[in-house]
Amino acid sequence: MSEVTTGPQFGQSKWSMVGKDPYSMPLDEIDLSHPGIWQANEFLPFMERLRQEDPVHYCKNSAVGPYWSVMKYNDIMEVDTSPEIYSSEPTINIVDSFEEFTFPSFISMDPPKHDEQRRVVQGVVAPANLKNLEGLIRQRVCTILDGLPLLEEIDWVERVSIELTTQMLATLFDFPFEDRHMLTHWSDVATAIPGRGSVIQNQAERGEAMQECLAYFTRLWNERVNLEGGNDLVSMLAHAEATRNMPPMEYLGNIILLIVGGNDTTRNSMSGGVVALNENPGEYDKLRADPSVIPNMICEIIRWQTPLAYMRRTARVDTVLRDKQIKAGDKVVMWYASGNRDEEVIERANDFWIDRLHARQHLSFGFGLHRCMGNRLAEMQLRILWEEIMQRFQQVEVVGEPERIYSSFVKGYSKLPVVLYPL
Amino acid sequence: MVNILFIEHDGTEHPVAVDIGSSVMQAAVSNGVPGIDADCGGSCSCATCHVYVDAQWLDKLDAMNPAEEAMLSLSTDRQANSRLSCQLPVTEKLDGLVVTTPEFQF
């Protein structure tokens, strides 16, 4: 555990599989939880081997302790839709040691409390409300894209993906717009693995940032709790029966959930789409020839990127999955990133295929009661972004190796150098 | 063949004729009826094949199982006649069924 809490040694950890041959190492030593192969973009063949040879895989020794990996699409579906067997409590993260620094929120609750709290906030990202937001989102996308310099290298992550998702979050919380970068910071801190090259050096720094977040949001709560109405997330939480008496740590937990859920994920799909189209120039040509494919392409981007690589459950009871005996209390990790590449369910699963049939059928949002609440908002933001990109740019060209995040959970990019070519 | 009428939220009608044995969701998807997303492909785990069942047909349907009830309970647009169409098998007694699709699937 020490490496997780004291900080990773990038690429040097004894747990790292970076540079190892996925097919010659002993099967039981494959450990997808270590962030190394995710940052190095070497995870695909490890997942492929497990899908073929040991689709419900037990990893006995890892920096985060023993855990099961569920690799196939249909098995993941089974786990995700069986909350009576596989609990979301106490945490949906593979790392138990995060518990003292993360806070209760409805993503890590089971029914009925999960359902009660989720109902309070989901209206804000329900399609009826999104219809009202579409104009605002398009206006912001246009402003951001029109402000970008042409024909010189820029960082797409910083200039577009972060900016756009952070502005959206600020709107949903009715968060003071000039302070919106703090939302990005808290989101990054909440999921970061402390250490060299990370946004935090140790868990104490995470604690400080979370206290700062709680203090800020408590002020917003206090300002709004006695005001009538208010259709922002803070007002909704402050007014609803199911949430208005939440203890502070639970309020913080739900705020962090909404920040991370609305930030990291869409941000990385915004970057991932650029990467995917550059790696597949034929698909980029298809998009130029017929931009009406964009809504379908968005689903394919979200599948291909899988911005959250997994969700973890904990077995409530002894159970059997395929031929494996899972014991009550075992950690069970559903690797969405693997299920989304499962050839048994998804045709040409490793291909990025923008006019794919049934593109909506992917695991990136999860399934069952915990299915991503913001899925339609994410799709809308991505759709508008690509509609406006195609109005302006002949190509968003990736001009250097993307920098990937050191995490086996948040699957995304910290830097993506691009050059924009106008129409 | 069994006849099913899908009505969009704006009133546009889509009559389809389908074989017994599929689901009302599949009847819509395979006939290109808009308004049914069916993200999970029919395993009662996403609630994006939500429909409103015409009142006279409600008691001809099989009762909801707990999984359908659980998914629908999180829908923001649920009404008394809400069902998930992937959980409605097409049978002879449903010939003439009328369902309305919501403006949004969520």
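Side chains included, hydrogens not; waters and symmetry mates left out as well; all remaining heavy atoms used. Letters A, B, ... are given to chains in the order of the sequence lines, protein chains preceding strands, and every chain is numbered from 1.
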Which portion of A/His114 sits near chain B, non-hydrogen atoms under 4.5 angstrom: side chain
Toward chain A: residues of residues 81-93 of chain B with heavy atoms under 4.5 Å: none
Closest non-hydrogen atom pair between B/Ser45 and A/Phe367, with its separation: O-CD2, 3.4 Å
Under 4.5 Å from any heavy atom of chain A - which part of B/Ala47: neither
Contacting region of A/Ala359 [heavy-atom separation from chain B under 4.5 Å]: neither
Best-contacting candidate, A/Val125, A/Leu130, A/Asp80, against chain B by heavy atom pairs under 4.5 angstrom: A/Val125
Rounded distance [0.5 Å steps], CD in A/Glu379 versus CG in B/Asp37: 8.0 Å
Within 6.0 Å of CG in A/Asn231, more than 12 heavy atoms from elsewhere: no
Which portion of A/Asn375 sits near chain B, non-hydrogen atoms under 4.5 angstrom: side chain
Portion of B/Ser73 that has a non-hydrogen atom of chain A nearer than 4.5 angstrom: both
Residue A/Lys131 excluded, over 12 heavy atoms near NZ under 6.0 Å: no
Beyond-backbone contact of B/Ser43 with A/Thr81, side-chain heavy atoms, under 4.5 angstrom: no
Between CD on residue A/Gln122 and CZ on residue B/Phe106, distance to nearest 0.5 Å: 5.0 Å
Residue that, paired with B/Asp39, satisfies side chain to side chain donor-acceptor pair (under 3.5 Å) out of A/Arg371, A/Gln361, A/His362, A/His358: A/Arg371
Residue, of A/Pro83, A/Gly123, A/Ala128, that accumulates the most heavy atom pairs under 4.5 Å with chain B: A/Ala128
For the student: nearest non-hydrogen atoms of A/Ala126 and B/Thr76, plus distance: CB-OG1, 3.7 Å
